[in-house]
Amino acid sequence: MTTVQICLNSIDKVKNFVNDITRFDSDFDLVSGRYVIDAKSIMGIFSLDLSKPINLSIHSENELEQILETLKPYIIE
């Protein structure tokens, strides 16, 4: 499992993010405080506080490089 911090501070970013990660068969979790939601759930994402960075847990080993490349616009360095 790999964890990165992402920023989803607009509705368009959330829609594009969900479209990008649904292309992968891996599981993704968003962790914000004590809440853990499925990152492929657009309704779940909107239930989080999107004004702060969110931790994304990627449960994949074989596609990891391709996933990280796809998620570059959202990742906070």
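Numbering starts at 1 and runs along the sequence shown.
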Table please: side-chain donor-acceptor pairs of residues 4-13 below 3.5 Å, with sequence neighbours left out.
| residue | atom | partner | partner atom | Å |
| --- | --- | --- | --- | --- |
| Ser10 | OG | Lys13 | N | 3.1 |

Taking the side chain as everything from C-beta on, heavy atoms only, tell me whether [X] gets closer than 4.5 Å to [Y].
| X | Y | value |
| --- | --- | --- |
| Thr2 | His59 | no |
| Ile67 | Phe28 | yes |
| Tyr35 | Leu30 | no |
| Lys52 | Ser32 | no |
| Ile58 | Met1 | no |

Would you say [Y] ends up clustered with [X] if hydrophobic residues are merged whenever their side chains have heavy atoms under 4.5 Å apart, either directly or through other cluster members?
| X | Y | result |
| --- | --- | --- |
| Leu64 | Phe17 | yes |
| Ile54 | Ile75 | yes |
| Val31 | Leu50 | no |

### Evaluation steps, side-chain contact (heavy atoms from CB on, under 4.5 Å), between Asp20 and Tyr74
CA-CA 11 Å; Asp20 287 345; Tyr74 315 101; 2.8 Å; yes

### Task
Over all heavy atoms of both residues, which pair between Ala39 and Ile21 is shortest? Give the atoms and the distance, please.
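Closest heavy-atom pair between Ala39 and Ile21: O-CD1, 3.3 Å.
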
Separation between [atom1] of [X] and [atom2] of [Y], rounded to the nearest 0.5 Å:
| X | Y | atom1 | atom2 | value |
| --- | --- | --- | --- | --- |
| Met43 | Asp38 | CE | CG | 13.5 Å |
| Lys40 | Ser26 | NZ | OG | 7.0 Å |
| Ser41 | Asp29 | OG | CG | 11.5 Å |
| Glu63 | Thr70 | CD | OG1 | 9.5 Å |

### Message
Would Thr3 and Leu56 count as a side-chain contact (heavy atoms from CB on, under 4.5 Å) here? Give the steps.
### Response
CA-CA 5 Å; Thr3 302; Leu56 173 68; over 6 Å; no

### Message
Is it the case that atom CG in Asp49 sees more than 12 heavy atoms from other parts of the structure closer than 6.0 Å?
### Response
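Atom CG in Asp49 is packed in, count exceeds 12.
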
